[in-house]
Asks: 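Pasting a structure below so you can have a look.
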Amino acid sequence: MKTFNPDAMGEKLLRRFAGGTSRRGILARLGLALVAAPVFPVLPVSRASAAKPDRSPEAKTTFARNAQSKDDTKCDYWRYCAIDGSLCSCCGGAVNRCPPGAEHSPVSWVGTCINPDDGRAYLIAYRDCCGKAYCAKCNCDGTDRETQLYVPQLNNDVIWCFGTTSMEYHCSTAVLVGTA
Amino acid sequence: MKTFNPDAMGEKLLRRFAGGTSRRGILARLGLALVAAPVFPVLPVSRASAAKPDRSPEAKTTFARNAQSKDDTKCDYWRYCAIDGSLCSCCGGAVNRCPPGAEHSPVSWVGTCINPDDGRAYLIAYRDCCGKAYCAKCNCDGTDRETQLYVPQLNNDVIWCFGTTSMEYHCSTAVLVGTA
Amino acid sequence: MMKVQRKSSLSARARHSAAAVCALALLGSANIARASDPLPSDPELEAVTLSAPKPSWVFVERGFVVPGNAIYDTDTGKMLGMVEASTLSDLSIDPAGKAYYVSESIWTKGWRGTRQDMITVYDSATLKLKNEIAIPGRILIGGRKFNFVLADEGKTAYVYNLDPASSVNVVDLVKGKFVKKIELAGCASLMPVTGVGFSALCSDGSLATVKVAAAKPEITRSAPFFSATNDPIFDNFGYDGAKQQAVFLTYTGQVFTAKLGATPTISEPFSIQAAAGVSPADTKPLDVHWYPGARQGLAYHLGTGHAYVLMHTGEYWTHKEPGTEIWDLDVAAKKVVRRIPLEHPASAIAITQEANPKLVLSTERGEDGPSALLILDAKTGEQKFMLENSGGGVMRTLEP
Amino acid sequence: MMKVQRKSSLSARARHSAAAVCALALLGSANIARASDPLPSDPELEAVTLSAPKPSWVFVERGFVVPGNAIYDTDTGKMLGMVEASTLSDLSIDPAGKAYYVSESIWTKGWRGTRQDMITVYDSATLKLKNEIAIPGRILIGGRKFNFVLADEGKTAYVYNLDPASSVNVVDLVKGKFVKKIELAGCASLMPVTGVGFSALCSDGSLATVKVAAAKPEITRSAPFFSATNDPIFDNFGYDGAKQQAVFLTYTGQVFTAKLGATPTISEPFSIQAAAGVSPADTKPLDVHWYPGARQGLAYHLGTGHAYVLMHTGEYWTHKEPGTEIWDLDVAAKKVVRRIPLEHPASAIAITQEANPKLVLSTERGEDGPSALLILDAKTGEQKFMLENSGGGVMRTLEP
């Protein structure tokens with residue numbers, strides 16, 4: 001049975017969005033000075049965070065029990081279980097793609113959502129599209145496994161527009177990273 | 001019977017807000033270069049504008065027939081017959097006074113409103129309070145004798161924040177200038 | 001240009017659909033391979049790009065507190081994107097389809113700091129910032145169609161300014177440079193006049209015409225033909241650049257047509273109410289009539305010469321009231337050929353310049369909130385889309 | 001200081017009333033003189049000025065699209081003014097009552113240009129800009145009480161930053177200068193600790209304490225006492241600077257108290273549901289319980305040690321749901337002494353630090369729109385004011 005492992009998620013995200021570039025490369029792109037540890041600060045969760053709660057498909061949340069997989073312009077689309085903001089799919093973009101003129105943040109907060117068709121839990125990266133004013137359409141706020149500011153990569157209120165030309169928030173995508 | 005005379009209104013406004021300073025002084029304060037005629041451009045209405053329609057108390061508008069003189073935080077307060085925007089009286093200011101930190105524009109658009117208590121028509125200067133974000137409370141839009149952009153001093157959509165430190169619109173006052 | 005055209009030949013919707021088909025195909029083959037395979041990871045995708053603007057698109061100013069021009073396709077009812085813009089800015093569409101121009105004023109520190117007036121240029125395919133052309137100033141008002149207009153096939157821009165002296169800034173869009181400022185006392189709302197410059201409506205009831213090329217710009221005025229304070233012409237009027245014609249509507253419903261030029265000619269007016277067979281309206285507050293009104297109350301279809309006017313019943317000085325009916329006026333025939341009642345009052349109306357045009361209305365209340373976008377077939381009045389939470393201020397469409 | 005105090009001794013309301021009385025007096029004498037005299041012209045009036053902040057005032061973040069901190073007096077239900085602020089900024093109130101501080105990020109061209117992070121200082125009497133203190137960066141999130149906190153009787157400010165490395169900027173407010181940046185990996189939400197620096201909650205479930213004065217800041221961590229991913233502590237918790245105590249509430253309703261200091265001590269938790277005599281909640285999604293929630297779901301009255309918590313019924317992971325009841329928890333007694341049902345669900349709660357405190361709620365729907373401000377007597381639950389169109393995000397009150 002799958003359990004929730006923020007560190008593993010982080011590794012996947014790194015592989016997913018850092019691609020061939022090193023952590024150092026990403027940091028440079030983000031315009032950050034490389035200071036002390038932690039080298040990649042998107043993942044402040046210590047491996048010591050012990051609790052591995054039951055986040056299996058069997059323990060479905062209200063959101064997961066009511067989610068659908070047909071219409072990604074609705075808040076109950078399965079990937080949006082922890083999204084917060086305007087859906088890019090309502091703003092000229094797509095579930096995993098920015099509207100014209102917006103820029104995809106290379107880093108993001110993440111969620112673990114259950115696909116109603118196969119019952120599997122997937123890791124979703126909620127990558128903000130940045131550099132344009134707030135789209136203000138189809139505003140959703142999924143809170144499955146969403147936590148507080150001291151775990152920023154699991155908090156959906158932070159403006160996740162790092163490494164983009166402008167940090168203005170436009171809308172949010174829900175990019176499927178892989179199984180959780 | 002009083003008729004509507006934009007030029008006379010303009011003269012009163014000049015006397016009212018220019019005070020002892022010359023037209024030249026006001027223009028300097030507004031940071032304008034003094035170029036050619038018209039010297040004081042707040043009054044572009046030519047004396048040739050012939051029509052003097054019946055704007056006597058006898059020809060009361062819907063607004064005037066329903067106006068009250070007790071509560072200046074409501075849109076139907078008599079002075080608001082041609083206001084557009086947030087009432088400063090709802091934003092920490094007063095009917096004729098800016099909220100804290102806002103700056104009264106020295107020039108304004110104007111209206112002619114009828115006081116329900118004495119039945120007289122008064123000249124009202126809708127002086128914007130500027131230099132703070134939109135108050136967004138008690139939004140009213142009176143349109144008695146409100147006209148279009150080519151008569152800007154009788155148009156209530158223009159941001160009338162000239163000669164203020166910042167042109168950001170906060171709210172609008174309704175200053176009683178005198179009888180119309 | 002070629003590059004943009006090639007990009008634009010595949011529209012955003014088509015790309016989106018293609019991507020969707022592609023994803024389904026991937027999923028399909030995965031399912032065939034092994035039904036229990038998990039969904040594949042999403043590919044890394046660039047931002048959507050757009051085709052050159054199409055006649056079916058409408059550009060909606062979102063409003064005072066949430067600025068920007070949302071682009072909707074009236075064929076699909078979908079939002080395609082947004083041309084970024086500050087509060088109280090004005091949009092113009094490059095007639096060559098390569099760029100969007102935003103005339104705007106931005107302070108260096110939000111509501112304070114140094115004021116920066118500029119024409120901001122966006123690439124029409126990527127909606128990315130291409131250029132900023134500094135200008136000396138512009139009026140802060142918003143919601144007006146004729147404060148920022150393009151002339152000379154998009155090579156020149158005229159930007160209206162009120163500081164509080166009124167003037168017009170002339171901008172060379174090819175060179176990306178401010179050219180000169182023309183004082184224009186007592187007039188506003190700019191109509192480009194081919195080979196001349198522009199005309200404007202004036203507070204003395206005249207139409208001013210400005211020869212821009214002259215070293216000292218020459219301003220001539222027509223005889224006064226309307227009363228700017230008693231029965232004003234709505235400053236969001238109808239304008240046909242190709243035919244060099246304007247359709248003016250007054251608060252009481254008088255309709256003028258103007259043939260623009262170095263020496264413009266203005267028709268005798270007629271009453272839109274009389275054209276509909278009802279009693280003409282007047283300026284007496286106590287009388288109740290049908291009146292034109294709303295913030296953008298007239299949409300003019302260039303191909304057919306029909307004006308679509310938002311009308312409401314009430315007394316005089318209710319010219320901002322939203323419309324409860326659309327009156328379809330054949331201007332040349334002086335005949336209202338159709339009245340379309342509206343379920344929800346509308347504060348703005350625009351029309352696509354297609355052969356089969358669509359009306360776009362910003363309505364006061366949709367199901368879900370205060371401002372929905374309603375798309376109607378202009379010929380039949382049939383509702384095609386009702387888009388919740390999508391209404392706003394002035395709307396613009398592509399003109400031929 | 002003296003000058004401000006003198007100005008502030010006459011509050012805005014008092015001035016307003018005085019002016020009104022004055023105007024009436026003038027009118028009265030005019031009426032006596034000659035009944036048919038017209039109304040006199042208004043005098044030229046300076047903008048209203050305010051007293052030093054009072055315990056009865058509440059500062060309401062207006063929201064994401066209309067920023068600024070609206071000030072309401074809970075005694076009168078009137079808006080007194082607004083402390084200007086950009087989107088996603090944070091407000092702090094000078095404990096000496098002389099200034100308001102706004103930690104904010106502003107771009108030179110609206111949504112583009114150069115980013116400028118600063119603490120903007122406003123005079124509390126005039127609400128005019130007094131100073132801008134440049135800082136190297138700050139988190140963009142908004143709606144949090146503990147990202148911008150004052151220490152040392154208002155002489156020092158701590159500004160949380162996430163870029164996306166997490167750190168704290170130390171600012172000397174007396175000198176108006178940024179002092180230094182302290183790296184703070186994996187922790188957030190700052191509680192000033194007298195004579196030490198600050199503490200923060202961490203993702204490993206510990207409380208970190210940072211000695212700021214040291215040349216190389218020393219960070220020590222408590223033993224982990226909560227699960228940051230399974231049962232997180234709401235980051236808008238209760239904090240008492242004078243008593244150096246914090247009240248933490250988790251998603252399931254576990255309540256911890258922490259005694260802050262160089263070596264903080266954290267109590268054993270208890271269940272707020274058990275304290276109300278109902279079944280304690282858990283983390284199993286399928287179970288339905290009373291849960292704490294909302295964006296600012298806990299208001300702590302320092303004088304009495306009561307916490308007022310927004311509660312709703314539902315399943316786990318509904319921690320942003322607005323509250324349908326307020327539970328008045330006597331923290332020391334571990335007893336819910338009162339439950340106040342709400343007609344409209346509330347997304348934020350604050351309390352005035354008066355002897356007879358008032359609760360301020362941002363409710364989801366008033367008569368007129370989506371967001372009203374509700375002011376209740378905290379002891380009786382009696383409604384004192386319902387202010388339409390006045391709700392918003394985080395609310396702050398003056399602390400003793």
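Letters A, B, ... are given to chains in the order of the sequence lines, protein chains preceding strands, and every chain is numbered from 1. A quick note: this is a predicted structure, and the numbers were derived from the prediction, not measured.
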Asks: Strictly under 6.0 Å, is that where the ring centroids of B/Trp78 and B/Tyr122 end up?
Replies: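 Centroid distance B/Trp78-B/Tyr122: below 6.0 Å, so yes.
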Asks: Considering only heavy atoms, which portion of D/Tyr72 lies under 4.5 Å from any heavy atom of chain B: side chain, backbone, both, or neither?
Replies: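 For D/Tyr72, the contact with chain B is made by the side chain alone.
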Asks: Side chains of D/Leu140 and D/Arg115: does their closest heavy-atom pair fall under 4.5 Å?
Replies: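 The answer is yes; the side chains approach within 4.5 Å.
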Asks: Verify the distance criterion only: is there a donor paired with an acceptor across the side chains of B/Asn139 and B/Tyr134 at less than 3.5 Å?
Replies: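 Yes, B/Tyr134 and B/Asn139 have a side-chain donor paired with an acceptor closer than 3.5 Å.
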Asks: Under 4.5 Å, counting heavy-atom pairs only, tell me which of B/Gly101, B/Ala102, B/Gly131 racks up the most with chain D.
Replies: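 Highest number of heavy-atom pairs under 4.5 Å: B/Gly101.
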Asks: Can you tell me which portion of B/Asp117 sits under 4.5 Å from chain D's heavy atoms? Options are side chain, backbone, both or neither.
Replies: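 Looking at B/Asp117, nothing touches chain D.
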Asks: Between chain D and each of B/Glu168, B/His170, B/Lys132, count heavy-atom pairs under 4.5 Å; write down the option with the most.
Replies: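 Highest number of heavy-atom pairs under 4.5 Å: B/Lys132.
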Asks: As a quick check of understanding, evaluate side chain to side chain donor-acceptor pair (under 3.5 Å) for B/Ser89 and B/Tyr80, giving each step before the final call.
Replies: CA-CA 12 Å; B/Ser89 51; B/Tyr80 299 148; 3.3 Å; yes
Asks: Which bit of B/Ala133 comes within less than 4.5 Å of chain D, counting heavy atoms only: side chain, backbone, both or neither?
Replies: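 Interface part for B/Ala133: both.
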Asks: Which answer fits B/Cys129, side chain, backbone, both or neither, if we ask what part of it has an atom under 4.5 Å from a heavy atom of chain D?
Replies: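 No part of it gets close to chain D.
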Asks: Is there a donor-acceptor pair closer than 3.5 Å between any side-chain N or O of D/Tyr101 and the backbone N or O of D/Thr120?
Replies: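 It does not hold such a pair.
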